[in-house]
Amino acid sequence: VFMIGDTQDNIAEPERLAGRFPDPFKKSPELEALWQSGYHAARYDLDELAKLPAHTLGGAYARHMRANGLSVDYYPERREHNRMQFMRQRMRQTHDIWHVLTGFGTDEFEEVGIQGFTAGQYMSSMAAIIGAAAFLKSILRCPFNELERHLDNFCEGYVAGKRAENLLAVKWEELWGEPIESLRRRYRIEPAHKS
């Protein structure tokens, strides 16, 4: 998956420059400013974040990561050479923050939901590939109730992603101490309905 994403970035950057690809940097001056400033967040310290109350972004994030056995080192660190690589790395770094904010869990179906949310924020071909793979798996294995759950979660996430404010340029690392509910209201993030 990482290699596909990295390859897509290398293809997308010249297409973005030529105006043949939706340019998230033109739509978001904040994202462009993040790129221009060379923004790079320090590695998240789960021990420190776990000291924050559970209702805060940092506290909830640390608990989410630990409860699901996730590591902040899961996504490989890469030196970004262009805007699309920068955005992909930032999306990888904040992926689990979006899980916490949207309320989508980490099982197969809810992961499809967060991919839908990502596609709603930015037309990510990786999110579409992951969603399509889940749909195809359900079709080939014939558990149609799974297909329905995959579709429902992707669509719910997609609609929520479209309705939310643009989250690509938010410096979540400066908001660790804020209550999740306050951030959801500020950025118009509707939490997932658990099915």
Side-chain angles (χ1 to χ4, degrees), residues 5 23-80 83-107 110-111 113-124 126-127 153 156-194:
D23 191 340
F25 291 86
K26 283 188 178 172
K27 291 181 180 177
S28 172
E30 298 84 6
L31 185 60
E32 178 65 24
L34 223 57
W35 160 255
Q36 291 292 336
S37 71
Y39 183 78
H40 189 350
R43 184 159 309 279
Y44 304 154
D45 183 338
L46 291 184
D47 291 333
E48 284 302 309
L49 293 175
K51 294 175 184 175
L52 293 169
H55 72 281
T56 64
L57 178 61
Y61 173 79
R63 287 160 181 80
H64 161 82
M65 296 297 281
R66 288 183 171 165
N68 291 291
L70 300 172
S71 169
V72 295
D73 298 323
Y74 179 73
Y75 294 106
E77 286 277 333
R78 294 235 161 75
R79 179 108 177 116
E80 305 94 8
R83 283 171 176 78
M84 297 308 289
Q85 290 172 349
F86 171 79
M87 190 176 77
R88 169 101 45 207
Q89 190 65 26
R90 185 68 181 145
M91 290 174 78
R92 287 174 177 169
Q93 187 175 36
T94 60
H95 175 84
D96 282 296
I97 294 173
W98 287 17
H99 268 287
V100 170
L101 289 165
T102 62
F104 280 113
T106 58
D107 73 17
E110 295 195 35
E111 188 61 46
I114 198 70
Q115 295 302 322
F117 186 88
T118 300
Q121 281 284 295
Y122 160 69
M123 190 40 67
S124 165
M126 276 310 302
N153 280 340
E156 179 182 353
Y158 181 77
V159 169
K162 291 293 262 189
R163 288 183 179 154
E165 296 292 329
N166 187 325
L167 306 181
L168 295 174
V170 176
K171 294 180 182 178
W172 300 111
E173 301 81 6
E174 297 176 1
L175 304 173
W176 288 132
E178 293 208 28
I180 292 172
E181 289 307 318
S182 169
L183 293 171
R184 285 176 175 161
R185 283 191 301 274
R186 183 183 315 162
Y187 294 105
R188 297 187 338 192
I189 300 168
E190 188 174 322
H193 301 96
K194 303 294 184 183

### Message
If the condition is side chain to side chain contact (heavy atoms under 4.5 Å, CB included), which residues does His64 pass it with, not counting sequence neighbours?
### Response
Asn68, Leu70, Asp96, His99, Val100, Thr106

### Query
Is a donor on one side and an acceptor on the other found under 3.5 Å between the side chain of Ser28 and the backbone of Phe25?
no

#### Entry: Note, Gln93 side chain near Arg43 side chain (heavy atom, < 4.5 Å)
no

### Query
Hey, does Arg83 have a side-chain heavy atom less than 4.5 Å from the side chain of Gln36?
yes

### Query
Considering only heavy atoms from C-beta outward, does the side chain of Gln121 approach that of Trp98 to under 4.5 Å?
yes

## Note on the structure
In terms of heavy-atom contacts, Ala62 and Ala50 come closest through CB-N, 3.5 Å

### Task
Write out all pairs satisfying side-chain hydrogen bond (donor to acceptor under 3.5 Å, both in side chains) with one or both partners inside residues 49-63, taking only residues at least two apart or from two chains.
Glu48-Lys51

### Point-to-point distance, once rounded to the nearest 0.5 Å, from CG of Asn166 to NZ of Lys27
9.5 Å

### Message
Tell me whether the count of non-hydrogen atoms from other residues, nucleotides or ligands lying under 6.0 Å of CZ in Arg66 goes above 12.
### Response
yes

### Query
Do you know the tightest heavy-atom contact between Leu168 and Met87?
CD1-SD, 4.0 Å

### Heavy-atom side-chain contact between Ser182 and Arg185 under 4.5 Å
yes

### Side-chain touch Leu101/Tyr187, heavy atoms, less than 4.5 angstrom
no

### Query
Can you name the closest pair of heavy atoms from Tyr39 and Phe86 and give their distance?
O-CE1, 3.3 Å

### Query
So how far is it from Met91 CE to Leu167 CG, rounded to the nearest 0.5 Å?
10.0 Å

### Query
Should Tyr122 and Leu31 count as side-chain neighbours, where that means a heavy-atom distance under 4.5 Å?
no

### Query
Which atom pair, heavy atoms only, marks the closest approach of Arg184 to Thr102?
NH2-C, 4.3 Å

### Task
Determine the sole option in Glu165, Glu181, Glu178 for which the salt bridge (Lys or Arg N to Asp or Glu O under 4.0 Å) test with Arg186 is passed.
Glu178

### Query
Do Ile189 and Leu183 come within less than 4.5 Å of each other through their side chains, counting heavy atoms only?
no

### Query
Side-chain donor-acceptor pair under 3.5 Å between Gln89 and Gln85, yes or no?
no

### Query
Of all heavy-atom pairs between Trp172 and Thr94, which one has the smallest distance, and what is that distance?
CD1-CG2, 3.8 Å

### Message
Show me the pairs that pass salt bridge (Lys or Arg N to Asp or Glu O under 4.0 Å) and involve residues 166-175, at least two apart or across chains.
### Response
Arg90-Glu173

### Query
What pair of heavy atoms forms the shortest contact from Gln115 to His95, and how long is it?
NE2-CE1, 3.6 Å

